[in-house]
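Inspection log for the structure reproduced underneath, given as structure tokens.
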Amino acid sequence: MEVKKYNTAITGVGMYVPDKVLDNKFFESIVDTNDEWIQTRTGIKERRIIEDGATSDLGARAILDLLASSNTSAEEIDVIIVATVTPDMFFPSTACLIQDKIGAKNAFGFDLSAACSGFLFALETGAGLVESGKYKKVVVVGADKMSSITDYTDRNTCILFGDGAAAVMLEPNEDIRYGIQDSILRIDGSGWESLRMLGGGSKNPSSHETIDKKMHYIYQDGKAVFKFAVKGMADVSVEIMEKNNLTSDDIAYLVPHQANLRIIDATAKRMGITNDKVTMNIDRYGNTTAATIPLCLTEYYRTGKIKKGDNLILAAFGAGFTWGAHYLVWSME
Ligand code: COA
């Protein structure tokens, strides 16, 4: 067996969330809902939306925050991977637009579409590029302007989503006790109908009809997604623990995708992890799709809760269906 010389570690973090807050009272004024229902069924109190700007603006600001806090210049970036389902446009890619906005003139990059699992899929891709030996500084950013595809007359979906972005820097790491240790990632397209945006693509190009039928908005069968999410996210999280001989005591934090507090609680319970070891910010940001996990990493690291040597399990699920988990050992002081 080949001996691993190095693996991939997160060496910087950054984030951006817009200032404009939509609280539950706001939703009471536009759809038939109430604060109590939203909080008990989802755990959400507020979400943020960007009023002037697109996904590339969210992503660029998160990367600039990462660069400033890690004393790195944009010219040093080799690769930019943007996980998103709300690209500024079909083409050029959001990665190109971000590259230009931040002045990363030596980078190549691309967008990656895996909905709420986007960050984990991009982490896997970025780690592969680092471990190829060819790239030294790979930025993975999860960025979504969910407000651009949300139907604010549909109470089933509009209360769930928010806008935001967060980024990590990936670099080779010689001390292989730290960094990304393992991953389990899956897709199952047979569930595609449960969570989707039908209009605007090659199947249903934009037309008056697609607009009239509201096909440019998120459609979700909430119950089907909920059922799948609870099982999918918990299954891979438990599997990755077992595969790496980790007990719940070994884990400093479960860092789950923030879609619904009840889904997060069910996953933690299956893993035997208590609530104090689960990162959480769904109450303030709602579901920001590809941004939820790196937002949690950034906030928990910056407030001193995630520390060097901590065992973390990152877990996500999303439209597709897509789902997965990573096991990593935090390497930043
Ligand atoms: N306010 C008040 N009532 C609402 C509501 C809202 N915002 N949204 C839905 N309801 C109603 C439904 O219309 C339904 O009413 P009915 O029984 O008269 O038809 C009732 O609440 C119960 O709906 P149900 O679907 O059983 O609720 P739920 O407990 O499944 O919660 C979700 C709904 C959307 C919160 C939940 O299904 C969910 O979180 N699903 C997964 C979503 C997700 O994670 N998506 C992102 C994937 S990455």
Side-chain angles (χ1 to χ4, degrees), residues 22-47 83-86 112-122 142-164 185-189 191-197 217-237 255-268 278 280-283 285-296 314-325:
L22 301 185
D23 62 13
N24 291 346
K25 286 268 167 257
F26 167 78
F27 287 93
E28 287 180 1
S29 73
I30 60 164
V31 289
D32 180 15
T33 191
N34 60 77
D35 176 48
E36 206 246 323
W37 191 96
I38 299 173
Q39 284 205 45
T40 52
R41 307 296 264 200
T42 71
I44 301 168
K45 293 180 187 157
E46 297 175 347
R47 344 68 202 120
T84 188
V85 287
T86 51
L112 184 151
S113 169
C116 297
S117 306
F119 180 75
L120 293 194
F121 285 30
D144 270 301
K145 182 184 172 184
M146 296 306 289
S147 61
S148 66
I149 56 167
T150 297
D151 176 0
Y152 286 96
T153 65
D154 175 14
R155 69 173 183 174
N156 291 296
T157 52
C158 70
I159 53 133
L160 298 171
F161 296 99
D163 302 340
L185 302 171
R186 300 271 186 270
I187 60 173
D188 179 358
W192 76 272
E193 278 189 290
S194 301
L195 183 49
R196 50 168 160 85
M197 192 183 97
Y217 290 134
I218 302 162
Y219 164 83
Q220 170 170 264
D221 175 349
K223 271 196 180 53
V225 176
F226 191 94
K227 234 167 98 180
F228 158 76
V230 166
K231 181 164 163 34
M233 201 156 90
D235 280 354
V236 286
S237 302
V255 187
H257 171 52
Q258 311 277 305
N260 185 311
L261 185 60
R262 291 181 293 144
I263 297 171
I264 296 171
D265 285 348
T267 303
V278 181
M280 204 75 80
N281 57 23
I282 189 171
D283 54 326
Y285 304 142
N287 183 351
T288 53
T289 303
T292 64
I293 291 178
L295 278 174
C296 280
L314 318 186
F317 68 93
F321 290 122
T322 58
W323 70 105

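Read the numbers this way: they start at 1 and go in the same order the structure lists the ligands and their atoms. Here, residue 1 is the first one in the sequence, and each next residue gets the next number.
Within ligand 1, counting atoms from 1 as listed, the ones closer than 4.0 Å to a heavy atom of N287 are 46 (C), 48 (S). Close contacts of ligand 1 with T33, meaning ligand atoms under 4.0 Å from a residue heavy atom, involve 1 (N), 2 (C), 6 (C), 7 (N). Counting the atoms of ligand 1 from 1 in the order shown, those under 4.0 Å from a heavy atom of T42 are 35 (C).
Rounding to the nearest 0.5 angstrom, the gap separating the CE atom in M233 from the CH2 atom in W323 is 13.0 Å. To the nearest 0.5 angstrom, N24 atom CG is 8.5 Å from E46 atom CD. The distance from the CD1 atom of I218 to the CE atom of M146 is 4.0 Å, given to the nearest 0.5 Å.
In the model, D144 has no side-chain atom that pairs as donor or acceptor with a side-chain atom of T288 under 3.5 Å.
Under 4.0 angstrom from ligand 1, the non-hydrogen atoms of I263 all belong to its side chain. When heavy-atom distances to ligand 1 are checked against a 4.0 Å cut-off, L195 comes that close only through its side chain, counted from C-beta outward.
Atom 44 (O) of ligand 1 has as its closest protein heavy atom A259 CB, 3.2 Å. Nearest protein heavy-atom contact of atom 9 (C) of ligand 1 is N156 OD1, 3.1 Å. For atom 48 (S) of ligand 1, the closest heavy atom belonging to the protein is C116 SG, 2.9 Å. Among protein heavy atoms, the minimum distance from atom 4 (C) of ligand 1 is reached at W37 CZ2, 3.4 Å. Closest to atom 16 (P) of ligand 1, if we only count protein heavy atoms, is R155 NH2, 5.0 Å. The nearest heavy-atom contact from the protein to atom 25 (O) of ligand 1 is K223 NZ, 3.5 Å. The protein heavy-atom contact nearest to atom 31 (O) of ligand 1 is R262 NH2, 3.4 Å. Ranking protein heavy atoms by distance to atom 39 (O) of ligand 1, first place goes to N260 ND2, 2.6 Å.
Considering backbone and side-chain N/O of H257, none are found under 3.5 Å from N/O of ligand 1. Ligand 1 has a nitrogen or oxygen under 3.5 angstrom from a nitrogen or oxygen of R41. Not a single N or O atom of F317, backbone or side chain, sits closer than 3.5 Å to an N or O atom of ligand 1. Where the criterion is an N or O separation shorter than 3.5 Å, residue side chain and backbone included, Q220 meets it with respect to ligand 1.
By the 6.0 Å contact criterion, CD1 on I187 is open, its count of non-hydrogen atoms from other residues, nucleotides or ligands being 12 or less.
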